[in-house]
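Note that this is a predicted model, so its numbers are computed, not measured. Note that ligands are numbered from 1 as they come in the structure, with each ligand's atoms numbered from 1 the same way. Both backbone and side-chain heavy atoms feed into the values below; hydrogens, waters and symmetry mates do not.
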Amino acid sequence: MRLFWHRRDLRVADNRGLAAAVEATDDDRAVVPVFVFDDDVLAHGAPPRIRFMLDALAELRADYRERGSDLVVARGDPAEVLPDLADEFDADAVVWNEDYSGLARKRDARVRMALDDAGVARETRHDAVHHEPGTITTNQGDPYAVFTYFWKKWRDREKADPFDAPAGGDLVAADAVAGESLPSIADLGFEEPAADVQAAGTEAARERLAAFCEDAVYRYDAARDYPAKEATSRLSTDLKWGTIGVREVYAATEEAMAEAEAMDDGGDEDDGPVASVEEFRSQLAWREFYTQVLWANPEVATENYKDYERDIEWRSDEAAMEHLAAWTEGKTGYPIVDAGMRQLREEAYMHNRVRMIVASFLTKDLLLDWRHGYEHFKQHLADHDTANDNGGWQWAASTGTDAQPYFRIFNPMTQGERYDPDAKYISEYIPELASVSPDNVHSWHELSVGRRRQLAPKYPDPIVDHSEMRERALSMFKRARGEEEEEASAD
Ligand SMILES: Cc1cc2nc3c(=O)[nH]c(=O)nc-3n(C[C@H](O)[C@H](O)[C@H](O)COP(=O)(O)OP(=O)(O)OC[C@H]3O[C@@H](n4cnc5c(N)ncnc54)[C@H](O)[C@@H]3O)c2cc1C
């Protein structure tokens with residue numbers, strides 16, 4: 001018998017480790033699928049992610065049951081639970097897919113030692129990415145710090161085909177498993193999320209992928225930055241939890257690329273169908289880029305990637321904390337920022353362009369440390385992923401790999417006007433502004449207080465002046481770079 005330990009790969013199809021566990025034995029019904037609720041991991045959880053994970057586990061269990069098998073669920077330290085389960089099922093090996101964050105790697109090292117002590121073999125596979133960290137490197141063998149070079153190699157490297165799901169006869173029979181019920185969210189110590197978290201499981205993920213590939217993938221390059229167009233795949237939570245395999249997603253892009261080439265018909269549109277499918281693939285590569293950044297530098301989870309000569313003097317006084325609260329509540333008086341922050345609360349998701357805008361606003365208009373924003377996203381995003389979230393935040397804060405230069409500061413009004421010209425996205429999430437014309441929405445900061453009261457009495461005035469804060473941000477970064485003398489910050 002062999003145990004297969006599910007972690008961030010909550011699916012049976014296109015699961016490299018599960019396929020390997022099945023392939024390694026000729027015996028019938030020899031693979032026992034297992035999931036362990038680990039309190040050390042749960043300590044980092046938040047309601048939207050736990051909700052999605054539990055729903056995905058229910059779907060995974062249903063998939064196994066359809067195959068005449070079942071998912072074994074346990075709670076505790078995997079370094080104790082897995083040797084015990086191996087003993088119970090008389091398993092001679094445990095197989096799992098690698099996870100690349102610092103926390104996961106420490107846990108896995110302990111599990112390996114415990115299994116070694118128990119005389120149980122273990123095997124791992126790389127499954128969550130096409131090209132595992134450490135395999136796409138500079139000519140000197142170092143991990144890439146600049147995405148473009150990483151992407152060129154990632155794009156040109158051959159990709160594996162999806163792996164088949166195991167047949168029922170390969171899996172332990174349902175009646176050999178205790179079939180304990182899954183815990184409730186309350187059993188795990190979490191409240192139900194206030195947000196409406198998207199449906200979990202492989203079927204739901206496949207539906208999202210199929211819907212995206214029907215049409216949006218061919219327009220992705222031109223439309224992806226416009227939040228009201230809903231032109232992106234919404235697969236981030238599925239990719240985070242592994243309810244769909246990366247090879248399956250890539251295979252869909254191969255079909256789309258063949259279609260796109262036929263559509264482009266020799267044309268050379270910069271943002272046409274071929275460029276669009278390619279652009280979508282490059283987003284998949286960003287995910288793997290950040291995975292390898294975190295793998296090579298686990299400390300970036302809490303520290304700046306980029307060294308500045310001096311500490312960045314982020315604001316931290318009482319006024320700054322009030323601004324932080326207004327940002328989290330979507331009450332900054334900057335409509336595109338507030339719409340994003342409210343989308344996050346309602347859907348446990350935020351559009352990528354808007355994530356960039358709200359992150360820039362927190363760090364460069366409010367001069368607040370990116371770690372505040374990261375923590376808030378961690379609590380509220382269903383797709384929160386240490387590598388991507390950290391990468392996104394440090395990009396916006398100009399502290400990361402291949403980050404936005406410190407002097408590039410988004411103007412939140414111009415961003416709103418450019419990417420939500422009809423204020424459709426804004427009015428969806430800010431009902432107070434629904435009857436205000438797009439012109440007035442996009443010039444909210446310039447209207448008189450009287451005019452603002454007249455148009456939308458319940459929507460706040462801007463909490464800061466963008467032009468003034470932009471200058472302060474530039475000075476703050478120049479001081480951190482050692483280019484300007486320290487000066488008393490004037491709040
Ligand atoms: C401040 C900030 C925080 C972020 N936090 C997260 C996070 O916690 N988890 C997360 O998955 N993404 C994060 N992103 C990246 C990006 O915003 C989301 O992946 C994307 O919005 C998800 O929507 P989608 O699935 O429709 O994306 P699509 O545009 O359809 O992209 C397809 C997939 O590519 C990956 N991807 C896309 N953009 C990026 C990117 N910039 N970096 C890394 N991977 C990317 C995701 O897996 C995504 O599902 C963050 C970005 C910023 C600026």
Side-chain angles (χ1 to χ4, degrees), residues 8 44 46 48-49 52 101 128-130 147 150-151 154 198 204-205 208-209 211-213 216-217 219-227 229-246 248-250 252-253 256 276-294 301 327 337 340-341 343-344 347-364 368 370-404 410 415 419:
R8 283 182 47 181
H44 294 266
R49 273 181 289 139
F52 189 92
S101 73
V129 288
H130 290 282
F147 175 71
F150 175 87
W151 157 238
W154 188 95
Q198 66 184 166
R208 279 190 274 279
L209 178 62
F212 175 66
C213 287
V217 71
R219 298 179 289 108
Y220 182 77
D221 202 19
R224 61 185 286 262
D225 272 323
Y226 297 85
K229 293 192 178 175
E230 299 200 9
T232 65
S233 70
R234 296 289 286 251
L235 284 170
S236 49
T237 315
D238 303 301
L239 288 168
K240 191 246 146 67
W241 289 105
T243 48
I244 197 161
V246 292
E248 187 170 332
V249 175
Y250 193 82
T253 73
S276 285
V277 178
E278 189 78 341
E279 182 61 29
F280 179 65
R281 285 179 177 168
S282 85
Q283 300 311 311
L284 301 175
W286 268 108
R287 177 177 167 272
E288 299 194 11
F289 173 71
Y290 283 140
T291 300
Q292 57 108 47
V293 169
L294 181 66
W327 178 82
V337 174
M341 298 307 294
Q343 180 182 28
L344 177 62
E347 297 172 19
Y349 174 85
M350 195 192 303
H351 184 274
N352 179 59
R353 167 59 51 182
V354 193
R355 290 188 204 205
M356 288 156 66
I357 299 170
V358 304
S360 176
F361 189 82
L362 185 85
T363 53
K364 295 183 179 164
L368 285 163
W370 60 266
R371 280 160 275 236
H372 290 298
Y374 174 81
E375 275 307 315
H376 184 72
F377 273 27
K378 187 174 168 190
Q379 286 304 312
H380 290 272
L381 278 174
D383 70 17
H384 163 78
D385 169 90
T386 308
N388 288 353
D389 212 357
N390 188 273
W393 273 101
Q394 295 225 39
W395 176 88
S398 301
T399 58
T401 34
D402 208 359
Q404 175 94 309
F410 282 170
Q415 289 282 316
Y419 295 110

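- You'll find the side chain of Arg355 reaches within 4.5 Å of the side chain of Tyr349, heavy atoms only.
- Residues Trp151 and Phe289 place their aromatic rings such that the two centres sit no closer than 6.0 Å.
- Remark: minimum distance from atom 33 (C) of ligand 1 to any protein heavy atom is reached at Leu284 CD2, 3.9 Å.
- Residues Gln415 and Arg353 meet the side-chain proximity criterion, which asks for heavy atoms closer than 4.5 Å.
- Here the heavy atom of the protein found nearest to atom 50 (C) of ligand 1 is Arg355 CD, 3.6 Å.
- Between Gln394, Gln283, Arg224, it is Gln283 that holds the heavy atom closest to atom 37 (C) of ligand 1.
- Looking at Phe212 against ligand 1, nothing comes within 4.0 Å, counting heavy atoms.
- If you check which protein heavy atom lies closest to atom 28 (P) of ligand 1, you get Tyr220 OH, 3.6 Å.
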Report task. Quick one: do Arg8 and Asp385 satisfy side-chain contact (heavy atoms from CB on, under 4.5 Å)? Show the steps, please. Result -> CA-CA 11 Å; Arg8 283 182 47 181; Asp385 169 90; 2.9 Å; yes

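- Under a 4.0 Å N-O distance rule, the pair Lys240/Asp383 does not qualify as a salt bridge.
- For the pair Ser236 and ligand 1, the shortest N or O to N or O distance falls below 3.5 Å.
- A ring-centre distance under 6.0 Å is not found for His372 and Trp327.
- Taking a 4.0 Å cut-off on heavy atoms, Trp395 fails to register as neighbouring ligand 1.
- Distances from atom 47 (O) of ligand 1 to the heavy atoms of Arg353, Glu279, Arg287 put Arg287 nearest.
- Within the 4.0 Å heavy-atom criterion, the part of Leu381 lying near ligand 1 is the side chain and not the backbone.
- Between the side chain of Ser360 and the backbone N or O of Ala396 there is no donor-acceptor pair closer than 3.5 Å.
- Contact annotation: the side chain of Met341 approaches that of Met350 to within less than 4.5 Å [non-hydrogen atoms, C-beta and beyond].
- Residue contacts with ligand 1 for Asp389 involve both N, CA, C or O and side-chain atoms from C-beta outward (heavy atoms, distance under 4.0 Å).
- The shortest N or O to N or O distance between Ser233 and ligand 1 is below 3.5 Å.
- Heavy-atom contacts of Asp385 reach the following atoms of ligand 1: 7 (C), 8 (O), 9 (N) (cutoff under 4.0 Å).
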Requested in this report: Check the pair Tyr419, Val354 against side-chain contact (heavy atoms from CB on, under 4.5 Å), reporting the backbone distance first and the verdict last.
Outcome: CA-CA 9 Å; Tyr419 295 110; Val354 193; over 6 Å; no

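- Annotation for ligand 1: atoms under 4.0 Å from non-hydrogen atoms of Leu239 are 47 (O), 49 (O).
- The closest side-chain donor-acceptor pair between Glu375 and Gln379, if any, does not fall under 3.5 angstrom.
- Using a 4.0 Å heavy-atom cutoff, Phe289 is absent from the residues neighbouring ligand 1.
- Protein heavy atom closest to atom 7 (C) of ligand 1, with residue, atom name and distance, is Asp383 OD1, 3.5 Å.
- Relative to atom 52 (C) of ligand 1, the option among Gly392, Gly391, Ala396 with the closest non-hydrogen atom is Gly392.
- A heavy-atom separation below 4.0 Å is found between Tyr349 and ligand 1.
- Nearest to atom 32 (C) of ligand 1 among the protein's heavy atoms is Phe280 CE1, 3.3 Å.
- No side-chain donor from either of Gln404 and Ser398 sits under 3.5 Å from a side-chain acceptor of the other.
- Contact of the Phe410 side chain with the Lys364 side chain is not registered, since no non-hydrogen atoms from C-beta on lie closer than 4.5 Å.
- Distances below 4.0 Å separate heavy atoms of Tyr290 from the following atoms of ligand 1: 42 (N), 43 (C).
- Backbone and side-chain nitrogen or oxygen atoms of Leu235 are examined, and one is located within less than 3.5 angstrom of a nitrogen or oxygen of ligand 1.
- Protein heavy atom in closest approach to atom 40 (C) of ligand 1: Trp286 CB, 4.0 Å.
- Looking at atom 11 (O) of ligand 1, its nearest protein heavy atom turns out to be Asn388 ND2, 3.1 Å.
- Met356 is listed as a side-chain neighbour of Trp395, based on a closest heavy-atom distance under 4.5 Å.
- Taking a 4.0 Å cut-off on heavy atoms, Arg234 registers as neighbouring ligand 1.
- The closest side-chain heavy-atom distance from Thr401 to Phe147 is not below 4.5 Å.
- Residue-to-ligand polar distances place Asn352 within reach of ligand 1: an N/O pair is separated by less than 3.5 Å.
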